[in-house]
Number of protein chains: 2
Amino acid sequence: MAASTLSEVARLAGVSPATASRVLNGSARTPGAEVADKVRAAAATLGYIANAQAQALATSSTGLLGLIVHDIADPYFSTIARGVQQAARLHGKAVLLASTGGTPAEEQEAVAQFAGRRADAIIVVGTRSTRPEHAQDNAALAAGLQRYCANGGRAAVVGQPLTGAPQIDGLQTVQLPNRELATELAQTLGAMPFREFSLVAGPPGLTTSDVRLEGFQHGLSLAGREPAPVRRTSFDRAGGYAVGLQLGGELAREGGPASGSGAAAGGPVPCIVAVNDVMAIGLIAGLRESGLEVPADVAVAGFDDIETLRDFQPALTTARLPLERIGMLAAEATLSAPQDRPDLEVAGEVMLRFSTGSPVVSPAER
Amino acid sequence: MAASTLSEVARLAGVSPATASRVLNGSARTPGAEVADKVRAAAATLGYIANAQAQALATSSTGLLGLIVHDIADPYFSTIARGVQQAARLHGKAVLLASTGGTPAEEQEAVAQFAGRRADAIIVVGTRSTRPEHAQDNAALAAGLQRYCANGGRAAVVGQPLTGAPQIDGLQTVQLPNRELATELAQTLGAMPFREFSLVAGPPGLTTSDVRLEGFQHGLSLAGREPAPVRRTSFDRAGGYAVGLQLGGELAREGGPASGSGAAAGGPVPCIVAVNDVMAIGLIAGLRESGLEVPADVAVAGFDDIETLRDFQPALTTARLPLERIGMLAAEATLSAPQDRPDLEVAGEVMLRFSTGSPVVSPAER
DNA sequence: CTGTTAGCGCGTTCAC
DNA sequence: GTGAACGCGCTAACAG
């Protein structure tokens, strides 16, 4: 990567590098029109492109925005990433992406990487972990962000605050209404004539999963329901599918050798709630594999309201999180003036659809 | 972003900056063990993190890999992005992301941005455009990449070669088997007892769409079928939905006031093929909205085999592209030795599923 | 309004 | 094995 330099342009234009710099970038005082034109012409013929590294070194500001997600191919993260990207572009920043895999150790690595590149801001997205085996890495991650912020970096965490970390001062948190929305969803569902509830969650210690679980149980109790049994599985489609096969088998057996259409039976059906949409989709696939129909034999709900999944049949009852907006918010928070505003909050919305027997809305209005 | 510097570390360790540099990075000759330890200790207590900008300036290599996509929230692109990210990490590179919106003008902007940051490589993903209004921007894009490569940058385009551009020497192309796969899909489908075929495509001038269209028509003719009529719409879910409503209305009318289940009628049904999965999903939603059932009343097929859509019901017949692998390949191509290998090719696979009446495969095997 | 100087943080050739 | 000096490309003070 050896392109032409500013001094080459300056020489060709017959001026000093400083003047060339003033012309080519938005310096306070623009040089004379003639000179400016000469410089621009020289730059054009040489195909000059300013070296951002050198500029960064000189100005100590890189225009880089670091984004750390668990998996960029997961629609949850890619939608947030789109929001971040938009905000970044609006501010003239470039996005540095790290798709980690989800462990605090990898996240910490990414933070170090971005800190080394002197990113102006870092955004960390994805569930935290309270698993004991992650305690040390969590501490390292917190320390990394701590130091990054202490050195003047701006940072934001989307979801929950860092686990087991003290107050880090430059660090913002974009609070997601996981608990509240889950409560609302459970309360709404709890008031409907379902026979019983089951919950499908990720492994214990994944904060997002745990918090949504808590919210669900709370909502159920508010609705006068018993606490629901919880199945633990992996926090992805495959986990949902596995549990779907399991639960499907149990329900089918219980409903008799030929469960058939539960709708025909007419009785109330059970309702299974997964802690996110992707798991719910897998769950439904598993239930179907077991010969059950949704919502005739069993109702299902998810969480997130992933856009790509909105044409799914039966339409999935879920709790909508404004993912793209969340990404923008996080980016804005780190990019705008470092006010000591309180932690940002976001609103969600319960979406009742046919997977729990609610009337269908026209797909046009997705 | 004012962190501690190498000379601070050196001073604290009582050595020269040069020595500190040798210790902290993998220099050829490692200094004495005692000195090394002192330096490392100093670095640790100061929380030293090397300034990548300065290193880049000194070594003229940034370790940056630029990735340009049309929309990071689109599963097609996010899956490719995952592949790129993995390869990048393997090579110790960081990924610079640009989600452009899809126009050549924005892509050109992103290329300039990345060139300015002196990215070691640039990968451009997404359909090219041959629309006349894009001719100028296409030229600018080509010129930008041309210069970037001339300056020693490595670059790759995924999909089709740049439109209207001369041979750019450092530029690799990852050829996607769009035409061949489309032909194969159409040939397979054409041999099945469908009444007739319709094609749903993006606006004319989107190369990916156009090429797949050509392939389809060719495959149909190989199967002894008439060329199929083409509906043009937007290259996304909404476009598919709109056409679905349209075609659905026509088919329903033609089938009589109460089309009901075509399966009952027993006759052969029409088959509609969309140029990508996302459009196909929208299409199905629109058809359903018109009261038609897939595949009983009408068969539907897509292209890409998007992972998130694999649990969709009816399971979508499609042509699988190994998207993640494609991303890795593109990254490897730009990151590995600049051999003059011919343009890379990728294999795909026709996936027959229930949306065209083919037997269902267990969802476990997605 | 323009040119000169210095320095951003680091790698690297040279001498020692 | 270690230190001193220079340069990467650019911006920001300071003179003129």
Side-chain angles (χ1 to χ4, degrees), chain A residues 1-40 42-43 46-64 115-120 151-153, chain B residues 1-40 42-43 46-64 115-120 151-153:
Chain A
M1 285 307 314
S4 47
T5 76
L6 184 61
S7 26
E8 287 174 13
V9 174
R11 198 180 319 146
L12 205 170
V15 299
S16 80
T19 301
S21 171
R22 291 189 260 254
V23 173
L24 266 20
N25 312 350
S27 182
R29 294 96 44 89
T30 314
E34 299 175 24
V35 185
D37 284 338
K38 269 200 307 185
V39 172
R40 264 187 283 269
L46 257 54
Y48 170 75
I49 298 184
N51 186 325
Q53 316 286 336
Q55 291 185 151
L57 200 53
T59 62
S60 59
S61 156
T62 57
L64 250 27
R117 297 203 177 271
R118 299 299 188 267
D120 294 337
N151 287 339
Chain B
M1 286 308 314
S4 46
T5 77
L6 185 60
S7 26
E8 287 175 12
V9 174
R11 200 178 320 147
L12 205 169
V15 299
S16 79
T19 302
S21 172
R22 291 189 259 253
V23 173
L24 265 21
N25 313 350
S27 183
R29 294 97 43 91
T30 315
E34 299 176 25
V35 185
D37 285 338
K38 270 201 307 185
V39 172
R40 265 186 282 271
L46 258 52
Y48 170 76
I49 298 184
N51 186 326
Q53 317 286 335
Q55 290 185 150
L57 201 54
T59 62
S60 59
S61 157
T62 59
L64 248 28
R117 296 203 178 272
R118 299 299 188 268
D120 293 338
N151 287 337

**Q** Find which nucleotide of DNA chain D each of B/V15 and A/P17 is nearest to by heavy atoms, and output the residue with the more 5' nucleotide.
**A** B/V15

**Q** Does B/A58 or A/T59 map to a spot on DNA chain C nearer the 5' end, using the closest nucleotide for each?
**A** A/T59

**Q** Run the side-chain contact (heavy atoms from CB on, under 4.5 Å) check on A/L24 and A/R40 step by step: do they pass?
**A** CA-CA 7 Å; A/L24 266 20; A/R40 264 187 283 269; 4.3 Å; yes

**Q** Can you tell if the side chain of B/L64 reaches within under 4.5 Å of the side chain of A/Q53, non-hydrogen atoms only?
**A** yes

**Q** Looking only at the side chain of A/L6 (C-beta and beyond, no hydrogens), which of the listed nucleotides D/dC10, C/dG9, C/dC10 gets closest?
**A** D/dC10

**Q** Atom CG of B/N51 and atom C1' of C/dG7: how far apart are they, to the nearest Å?
**A** 14 Å

**Q** Yes or no on side-chain contact (heavy atoms from CB on, under 4.5 Å) for B/T62 and B/R117, after CA distance, side-chain angles and deciding distance?
**A** CA-CA 8 Å; B/T62 59; B/R117 296 203 178 272; over 6 Å; no

**Q** Can you measure A/L57 atom CG to C/dC10 atom P for me and round it to whole angstrom units?
**A** 9 Å

**Q** For A/Q53 and D/dC8, what is the distance between atoms CD and P respectively, to the nearest whole Å?
**A** 16 Å

**Q** May I ask you to verify whether the side chain of A/R22 and the base of C/dG3 hold a donor-acceptor pair under 3.5 Å?
**A** yes

**Q** On the nucleotide C/dG3, are OP1 or OP2 found under 4.0 Å from the side-chain N or O atoms that A/S16 carries?
**A** yes

**Q** For B/L46 and C/dG9, give me the distance from atom CG to atom P, rounded to whole Å.
**A** 13 Å

**Q** Under 4.0 Å, heavy atoms only, any strand: does A/A50 hit a base, just the sugar-phosphate, or nothing?
**A** sugar-phosphate

**Q** Just wondering, do A/V9 and A/V39 contact through their side chains at under 4.5 Å, heavy atoms?
**A** yes

**Q** Side-chain N or O of B/Q55 less than 4.0 angstrom from OP1 or OP2 on C/dC10?
**A** no

**Q** Output the rounded distance in Å from NZ (B/K38) to C1' (D/dT2).
**A** 12 Å

**Q** Can you tell me how far C1' of D/dT2 sits from CD of B/E34, to the nearest Å?
**A** 14 Å

**Q** Does A/T19 place a side-chain N or O at less than 4.0 Å from the phosphate oxygens OP1/OP2 of C/dG3?
**A** yes

**Q** Round to the nearest Å and state the distance from A/R117 atom CZ to C/dG9 atom P.
**A** 17 Å

**Q** Measuring from atom CG of A/L12 to atom OG of A/S7, what distance do you get when rounded to the nearest 0.5 angstrom?
**A** 11.5 Å

**Q** Nearest whole angstrom, please: distance from the C1' of D/dG9 to the CD of A/E8.
**A** 10 Å

**Q** For A/S21 and D/dT11, is the shortest distance between a side-chain N/O and OP1 or OP2 below 4.0 Å?
**A** yes

